[in-house]
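Structure first, then comments.
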Amino acid sequence: MILPGTGRGTAEGGGGGVPRMLRPEVATARTLRRDMSLPEVLLWQRLRGHKVGLKFRRQHPIGPYVVDFYCAATRFVVEIDGEAHDRGDRPARDGSRDAFLGENGHRILRVSAQRILHDPDAAADAIVAYVARPLHHLPEEANGPPPRAGED
């Protein structure tokens, strides 16, 4: 018999074990969700309510990185680039990050923070349209088998 206040799930009753340890990128993602920049907040307000059937996650960890926005259904990453992305070693770091994401099957769209600040509704609409109907489909998304040799 479990007495009140002594059973599982209570602080007094314990439960033993080791406190759960988060992967560093998960802890970083949680912090970034609390401290989003103004362009990220404006875009998130619009992406989370879009009625096109696409669900976005904000500050989502992928491998050792945390991406700004992620659509899992299409494996699509949206990164917001402010002025800092043009300075110092940031372009090289962004390049290696994009290479990692691309090698792991993700498509990346980089959007200027200024564009979002100027017209957040238009930026969100453009992103959703691009994610929902990409210009080039990946082979696994193609409808039917590839054409036979000699057929175009």
Side-chain angles (χ1 to χ4, degrees), residues 9 11 15-152:
V18 178
R20 190 170 154 198
M21 298 296 293
L22 296 176
R23 295 184 349 237
E25 56 276 5
V26 173
T28 300
R30 288 182 178 178
T31 301
L32 289 172
R33 282 184 210 119
R34 284 190 301 267
D35 302 326
M36 291 173 59
S37 68
L38 179 59
E40 290 171 339
V41 170
L42 292 172
L43 189 57
W44 177 241
Q45 289 171 341
R46 284 144 183 91
L47 289 179
R48 74 187 230 194
H50 248 282
K51 306 293 186 224
V52 294
L54 295 173
K55 291 185 109 182
F56 286 89
R57 299 173 186 170
R58 63 189 166 126
Q59 306 301 339
H60 180 72
I62 299 175
Y65 301 105
V66 177
V67 299
D68 291 332
F69 298 97
Y70 180 64
C71 179
T74 59
R75 298 182 60 91
F76 201 91
V77 172
V78 178
E79 285 291 309
I80 300 175
D81 289 346
E83 290 180 20
H85 285 266
D86 296 331
R87 297 187 188 144
D89 68 337
R90 273 313 275 271
R93 286 179 24 206
D94 287 344
S96 62
R97 171 191 185 107
D98 289 353
F100 172 85
L101 293 169
E103 289 166 2
N104 287 285
H106 298 90
R107 295 178 295 148
I108 303 109
L109 176 65
R110 292 192 166 275
V111 181
S112 161
Q114 284 300 320
R115 179 178 180 185
I116 295 167
L117 290 171
H118 177 70
D119 191 351
D121 292 320
D125 291 342
I127 290 167
V128 168
Y130 189 79
V131 173
R133 299 194 186 281
L135 296 176
H136 302 286
H137 296 281
L138 298 174
E140 63 266 14
E141 295 173 351
N143 295 330
R148 292 184 214 159
E151 293 181 11
D152 289 306

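All residue numbers in this chain count up from 1 along the given sequence. What you see below is based on every heavy atom in this structure, not just the backbone, and it leaves out hydrogens, waters and symmetry mates.
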How long is the gap from [atom1] on [X] to [atom2] on [Y], to the nearest 0.5 Å?
| X | Y | atom1 | atom2 | answer |
| --- | --- | --- | --- | --- |
| Cys71 | Leu54 | SG | CG | 4.5 Å |
| His106 | Arg75 | NE2 | CZ | 4.0 Å |
| Asp119 | Gln114 | CG | CD | 13.0 Å |
| Arg115 | Ile80 | CZ | CD1 | 11.5 Å |
| Tyr65 | Asp94 | OH | CG | 9.5 Å |
| Glu103 | Asp98 | CD | CG | 11.0 Å |

Quick check: does any side chain N or O of [X] sit under 3.5 Å from a backbone N or O of [Y], one acting as donor and the other as acceptor?
| X | Y | answer |
| --- | --- | --- |
| Asp68 | Gln59 | no |
| Arg97 | Val66 | yes |
| Glu40 | Ser37 | yes |

Nearest non-hydrogen partners of [X] and [Y], listed with the distance:
| X | Y | result |
| --- | --- | --- |
| Met36 | Trp44 | CE-CB, 3.8 Å |
| Ile108 | Gly102 | CD1-N, 4.0 Å |
| Ala123 | Ile116 | CB-CG1, 4.0 Å |
| Phe100 | Pro64 | CZ-CD, 3.6 Å |
| Pro39 | Ala113 | CG-CB, 3.8 Å |

What I'd like to find out is whether the side chain of [X] reaches to under 4.5 Å of the side chain of [Y], using heavy atoms alone.
| X | Y | answer |
| --- | --- | --- |
| Leu117 | Leu42 | yes |
| Val78 | Leu47 | no |
| Val77 | Arg107 | no |
| Ile62 | Asn104 | no |

Derivation and outcome, side-chain contact (heavy atoms from CB on, under 4.5 Å), residues Val67 and Glu79: CA-CA 6 Å; Val67 299; Glu79 285 291 309; 3.2 Å; yes
Only one of Phe56, Tyr70, Phe69, Tyr130 passes side-chain contact (heavy atoms from CB on, under 4.5 Å) with Phe76; say which it is.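 Among Phe56, Tyr70, Phe69, Tyr130, the one meeting side-chain contact (heavy atoms from CB on, under 4.5 Å) with Phe76 is Tyr130.
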Do the side chains of Arg46 and Asp125 get close enough for a salt bridge, i.e. N-O under 4.0 angstrom?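 No.
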